[in-house]
Amino acid sequence: MDLRPRQRQTFTGFTITEVQRMEHLLNEFKEKSLEDEFCKKLARVFNRSSGRAGKPVVKWTEIQSWFEKNQQEGLFKETSVDAAKKSPVAPEAPTQSEKGEDLSRLEFEARSSKDGAWYDVDTFLSHRFLSTGEIEVRVRYVGFGAEEDEWVNIRDSVRERSVALEHSECRKVKVGDLVVCFQERQDQARYYDAHVIEIQRRWHDIRGCRCLFLIRYDHDNTEEKVRLRRLCCRPNIIAKFGEN
């Protein structure tokens with residue numbers, strides 16, 4: 001059952017964190033900030049952040065309108081070093097992978113040991129080596145303060161951020177795929193790993209994708225039928241689709 005209300009929540013404004021990020025981006029990328037793809041990417045970042053859980057979805061056109069208004073009014077300003085570290089486009093991270101690629105351009109998510117859910121990483125604060133030879137990193141999650149900083153195992157609890165899909169991209173999801181699903185409960189709303197068990201393909205309408213995806217959550221083995229808007233795909237699935 002789709003637990004989202006039938007009536008879409010009305011967008012009521014950006015959060016303080018989102019405004020701070022847009023101010024920083026407007027200062028750094030004044031001309032580029034009006035481009036459609038730039039605004040679409042930022043909308044995906046905002047909508048995937050834990051700080052927007054339970055809040056109305058941000059449309060990329062609303063972000064573009066914000067940039068246009070603030071450019072016209074000349075409200076862009078210099079940002080502090082702390083604000084620069086919070087840029088959603090390039091969060092701090094180790095600079096090189098095993099393959100030698102630059103990771104500073106990637107975005108990451110980490111699995112909290114407190115609830116097993118995945119949260120977007122704002123900043124990698126530090127790292128340490130365990131006696132077992134494994135590495136842990138201390139992360140700060142998007143939308144959370146220092147009191148929620150956490151040490152996580154870099155091998156099994158840190159990965160490249162999952163990708164939100166547009167309605168026209170539903171064909172990228174296949175039975176058996178590992179996805180990240182937004183699980184809504186009365187007392188919580190969090191992103192958990194799940195596998196796609198069955199797909200009911202349906203015609204799209206003015207509301208977008210109407211397909212139903214039966215998923216099974218990895219952490220508790222419960223099953224649920226959800227729509228595409230609650231799913232995020234792993235980057236390797238996106239790459240595999242592009243090769244077909």
Side-chain angles (χ1 to χ4, degrees), residues 8-95 102-110 112 117-126 137-150 152 158-166 180 182 189-191 229 232 235:
R8 183 182 294 273
Q9 292 176 289
T10 303
F11 178 70
T12 56
F14 299 103
T15 66
I16 295 176
T17 300
E18 290 167 349
V19 171
Q20 290 175 340
R21 290 185 173 184
M22 288 190 294
E23 287 178 345
H24 167 67
L25 292 171
L26 182 57
N27 182 62
E28 292 293 321
F29 308 100
K30 181 182 177 182
E31 299 302 327
K32 189 175 181 180
S33 65
L34 296 180
E35 296 178 1
D36 291 358
E37 287 303 317
F38 185 91
C39 296
K40 287 178 180 180
K41 178 178 180 180
L42 189 55
R44 289 194 291 268
V45 171
F46 284 172
N47 290 323
R48 276 284 288 118
S49 74
S50 54
R52 185 146 287 275
K55 296 183 176 64
V57 172
V58 177
K59 297 180 180 178
W60 69 269
T61 52
E62 293 163 339
I63 293 176
Q64 191 175 62
S65 295
W66 186 95
F67 282 130
E68 290 176 347
K69 177 182 177 182
N70 285 277
Q71 278 197 23
Q72 292 172 359
E73 297 180 0
L75 295 182
F76 59 93
K77 56 186 178 181
E78 294 293 332
T79 56
S80 64
V81 174
D82 290 338
K85 290 182 179 179
K86 295 182 178 180
S87 168
V89 177
E92 292 184 5
T95 57
D102 183 6
L103 298 184
S104 64
R105 298 181 181 180
L106 299 181
E107 297 166 342
F108 296 88
E109 60 191 14
S112 173
W118 291 92
Y119 296 90
D120 290 344
V121 173
D122 189 328
T123 306
F124 290 96
L125 301 169
S126 183
V137 289
R138 189 166 182 81
V139 299
R140 178 161 300 166
Y141 298 112
V142 171
F144 291 88
E147 67 279 1
E148 298 294 338
D149 292 349
E150 187 176 9
V152 296
V158 177
R159 65 191 185 189
E160 188 177 348
R161 192 171 68 80
S162 302
V163 181
L165 299 175
E166 301 289 344
V180 178
F182 188 61
R190 301 187 176 104
Y191 287 94
R229 61 177 177 268
C232 291

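What you see below is based on every heavy atom in this structure, not just the backbone, and it leaves out hydrogens, waters and symmetry mates. None of the values given here were measured: they were computed from a predicted structure.
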Hey, can you tell me if Phe182 and Tyr191 have their rings parallel, tilted or perpendicular (30° and 60° cut-offs)? tilted
Evaluate the ring planes of Phe108 and Phe124, with Trp represented by its six-membered ring, and classify them as parallel (under 30°), tilted (30 to 60°) or perpendicular (over 60°). perpendicular
For a 4.5 angstrom cut-off between non-hydrogen side-chain atoms, does Cys232 reach Trp118? no
Applying salt bridge (charged side-chain N to carboxylate O under 4.0 Å, His left out) to Arg159 and not counting sequence neighbours gives Glu109, Asp193
Could I get the full list of salt bridge (charged side-chain N to carboxylate O under 4.0 Å, His left out) partners for Glu166, not counting sequence neighbours? Arg44
If we only count heavy atoms from C-beta on, is the Val142 to Arg161 side-chain gap below 4.5 Å? no
Just so I know, are the side chains of Tyr119 and Val139 near enough to count as touching, which here means a heavy-atom distance under 4.5 Å? no
Do Val121 and Val158 come within less than 4.5 Å of each other through their side chains, counting heavy atoms only? no
Taking C-beta and beyond as the side chain, do Lys40 and Glu37 meet within less than 4.5 Å on heavy atoms? yes
Atom CD of Glu23 and atom CG of Leu26: how far apart are they, to the nearest 0.5 Å? 8.5 Å
Using 30° and 60° as the class boundaries, would you call the ring planes of Phe14 and Trp66 parallel, tilted or perpendicular? perpendicular
Asp122 side, atom CG; Arg21 side, atom CZ - distance, nearest 0.5 Å: 5.0 Å
Should Leu25 and Ser33 count as side-chain neighbours, where that means a heavy-atom distance under 4.5 Å? no
Here the gap from Gln20 atom CD to Thr15 atom OG1, rounded to the nearest 0.5 Å, amounts to 8.5 Å
So Leu42 and Phe67, do their side chains get closer than 4.5 Å, heavy atoms only? yes
Between Ser112 and Arg190, is any pair of side-chain heavy atoms under 4.5 Å apart? no
